Amino acid sequence: MYVCGITPYDATHLGHAATYLTFDLVHRLWLDAGHTVQYVQNVTDVDDPLFERAERDGIDWRTLGDRETQLFREDMAALRVLPPHDYVAATDAIAEVVEMVEKLLASGAAYIVEDAEYPDVYFRADATAQFGYESGYDRDTMLTLFAERGGDPDRPGKSDQLDALLWRAERPGEPSWPSPFGRGRPGWHVECSAIALTRIGTGLDIQGGGSDLIFPHHEYSAAHAESVTGERRFARHYVHTGMIGWDGHKMSKSRGNLVLVSQLRAQGVDPSAIRLGLFSGHYREDRFWSNEVLDEANARLARWRSATALPEAPDATDVIARVRQYLADDLDTPKALAALDGWCTDALSYGGHDTESPRLVATTVDALLGVDL
């Protein structure tokens, strides 16, 4: 499983948390099923937003990136997210990116623009016959999203507006690394392609991230990899999480309507309540966070803890089976939570005669949902 990581120019908000908690569920379910999991996550620690924030704040971009990456990992640890097998920073994968760009140039899937000052390297969007299969978008939609999400459709010298940047030639004041095609730095999409191929290989089971990565990021990451390997599908499944909103809008740094995990932690909010609040909606749905969502999560957590602290309770065999069944059905956390609610209500209202069931339910909730009872 390869999940696209953060660009570390600010703290982790609940939109990020919802994404990484989703793939933490996948990770836990695979481990529960007895699989060995090779989970890789990158950190885009060389990108325009990072440089812009560093310049604004008068701080070295590497210092900023390291600081925010460390805070992100602390937030994930507090949320009880099982760490990936590999965290890979873009700056630690320059050699892999350069090698991949060389292969794309050699095969004709990439080209260098005729620009004496900035000879950037671009990927040909038509290099693979299946380009577009991952998103299913038409060209007009692609062009709109490409322009909105880091693309440069109007860059002079490109063969096609949808051709994507692979290697950005050195600009004044920007970090750069040597390559056979001149000093520069990686494009966004090729970073993930190179890291995934070198750490996992072809045919990964899941490429995941937020729904805003469907296009262009995941489409191009797949196309880059498929152009190099000749495989028809980079990943067997592309899994995307919905957006988290606050105050009527999608949570985003540009809008400034962020609920930060570190702030909630500082306020003493129980990380297990954050997990339950985000799991109360389905991972693919756009949904809103609110004080009411958190209040309901805290109340649910208290009920579950009370029920699993009982000396005896109803038999847990059925509820544990149903939790596994619901989570196996496209991570249906609302149904899984409802099933546990029912067992807890019965336990608190009517009691039971099974002395092992409270421990079994608590262990299941910990192992599968990452909620500490």
Side-chain angles (χ1 to χ4, degrees), residues 1 14 17-35 37 79-82 205-206 208 237 239-242 244 269-373:
M1 177 166 63
L14 286 183
T19 292
Y20 300 113
L21 288 178
T22 294
F23 295 103
D24 186 53
L25 286 181
V26 176
H27 194 177
R28 289 170 179 273
L29 288 171
W30 281 351
L31 292 174
D32 182 59
H35 298 301
V37 182
L79 289 174
R80 309 186 79 229
V81 172
L82 301 178
D205 291 293
I206 285 178
H237 303 280
V239 182
H240 301 104
T241 60
I244 304 298
V269 175
D270 193 315
S272 289
I274 297 174
R275 289 185 76 109
L276 288 176
L278 291 171
F279 291 161
S280 65
H282 193 271
Y283 80 91
R284 283 190 286 106
E285 296 175 350
D286 294 341
R287 55 204 190 277
F288 287 95
W289 182 265
S290 67
N291 291 330
E292 291 74 20
V293 169
L294 181 56
D295 288 344
E296 290 173 5
N298 277 315
R300 172 175 270 146
L301 182 61
R303 288 196 308 274
W304 288 13
R305 283 176 173 165
S306 295
T308 55
L310 294 170
E312 297 178 335
D315 181 82
T317 304
D318 178 66
V319 71
I320 291 172
R322 285 191 293 130
V323 168
R324 281 197 173 101
Q325 173 190 341
Y326 296 143
L327 292 178
D329 184 11
D330 197 22
L331 305 182
D332 196 339
T333 53
K335 282 188 178 179
L337 268 55
L340 288 160
D341 285 342
W343 181 88
C344 290
T345 296
D346 288 345
L348 293 168
S349 301
Y350 310 113
H353 303 289
D354 191 327
T355 58
E356 281 296 300
S357 62
R359 181 188 63 81
L360 290 173
V361 169
T363 300
T364 299
V365 169
D366 181 5
L368 298 184
L369 293 173
V371 172
D372 181 18
L373 300 183

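This is a predicted model, so every value here is computed, not measured.
Take Asp295 and apply the side-chain hydrogen bond (donor to acceptor under 3.5 Å, both in side chains) test, not counting sequence neighbours, and it matches no residue. Applying the side chain to side chain contact (heavy atoms under 4.5 Å, CB included) test to Leu31 and every residue at least two apart in sequence or in another chain returns His27, Val37, Leu82. Evaluation of the ring-ring contact (aromatic ring centres under 6.0 Å, His included) rule for Phe279 yields no partner, not counting sequence neighbours. With sequence neighbours excluded, the residues that form a salt bridge (charged side-chain N to carboxylate O under 4.0 Å, His left out) with Asp205 are Arg236. In this structure Thr308 satisfies the side-chain hydrogen bond (donor to acceptor under 3.5 Å, both in side chains) test with no other residue, sequence neighbours excluded. Here Ser280 pairs with nothing under the side-chain hydrogen bond (donor to acceptor under 3.5 Å, both in side chains) rule; sequence neighbours left out. Leu310 meets the side chain to side chain contact (heavy atoms under 4.5 Å, CB included) test with Ala347, Leu348; sequence neighbours excluded. Residues meeting the side-chain hydrogen bond (donor to acceptor under 3.5 Å, both in side chains) test with Asn298, sequence neighbours left out: none. Applying the side chain to side chain contact (heavy atoms under 4.5 Å, CB included) rule to Asp270 yields the partners Ser272, Ala273, Leu301, Arg305; only residues at least two apart in sequence or on another chain are considered.
The closest donor-acceptor contact from the side chain of Ser357 to the backbone of Pro314 lies under 3.5 Å. For Arg28 (side chain) and Leu369 (main-chain N/O), no donor-acceptor pair under 3.5 Å exists by modelled atom type. With hydrogens and angles disregarded, no donor-acceptor distance shorter than 3.5 Å links the side chain of His237 to the backbone of Val239.
Within the structure, every pair that satisfies the side chain to side chain donor-acceptor pair (under 3.5 Å) test and touches residues 334-348, not counting sequence neighbours, is listed here: Arg300-Asp341, Trp304-Asp341. For residues 358-371, the set of pairs meeting the side chain to side chain donor-acceptor pair (under 3.5 Å) definition, not counting sequence neighbours, comprises Arg80-Asp366, Glu356-Arg359.
Residues Ile244 and Ala18 share a closest heavy-atom pair of CG1-CB, 3.6 Å. Residues Thr333 and Gly281 come closest through the heavy atom pair OG1-O, 3.4 Å. In terms of heavy-atom proximity, His282 sits nearest to Arg287 at O-NH1, 3.3 Å. Scanning both residues, Leu21 and Arg275, for their nearest heavy atoms gives CD2-NH1, 3.4 Å. When all heavy atoms are compared, the tightest approach of Met1 to Val26 is SD-CG1, 3.9 Å.
In this structure the side chain of Thr22 never reaches within 4.5 angstrom of the side chain of His240, judged on heavy atoms. With a 4.5 Å cut-off on side-chain heavy atoms, Arg284 and Thr241 do not count as touching. Counting only heavy atoms from C-beta outward, the side chains of Val293 and Ser290 approach each other to under 4.5 Å. When side chains are defined from C-beta on, Trp30 counts as touching Ile206, because their heavy atoms get closer than 4.5 Å. Proximity of Asp330 to Tyr283: side-chain heavy atoms (C-beta onward) are separated by under 4.5 Å at one or more points.
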Please list, one pair per line, the donor and acceptor atoms closer than 3.5 Å that link side chains of residues 320-329 to other protein atoms, with sequence neighbours excluded.
from: Arg322; atom 1: NE; to: Asp318; atom 2: OD2; distance (Å): 2.9
from: Arg324; atom 1: NE; to: Asp32; atom 2: OD2; distance (Å): 2.7
from: Arg324; atom 1: NH2; to: Asp32; atom 2: OD1; distance (Å): 3.1

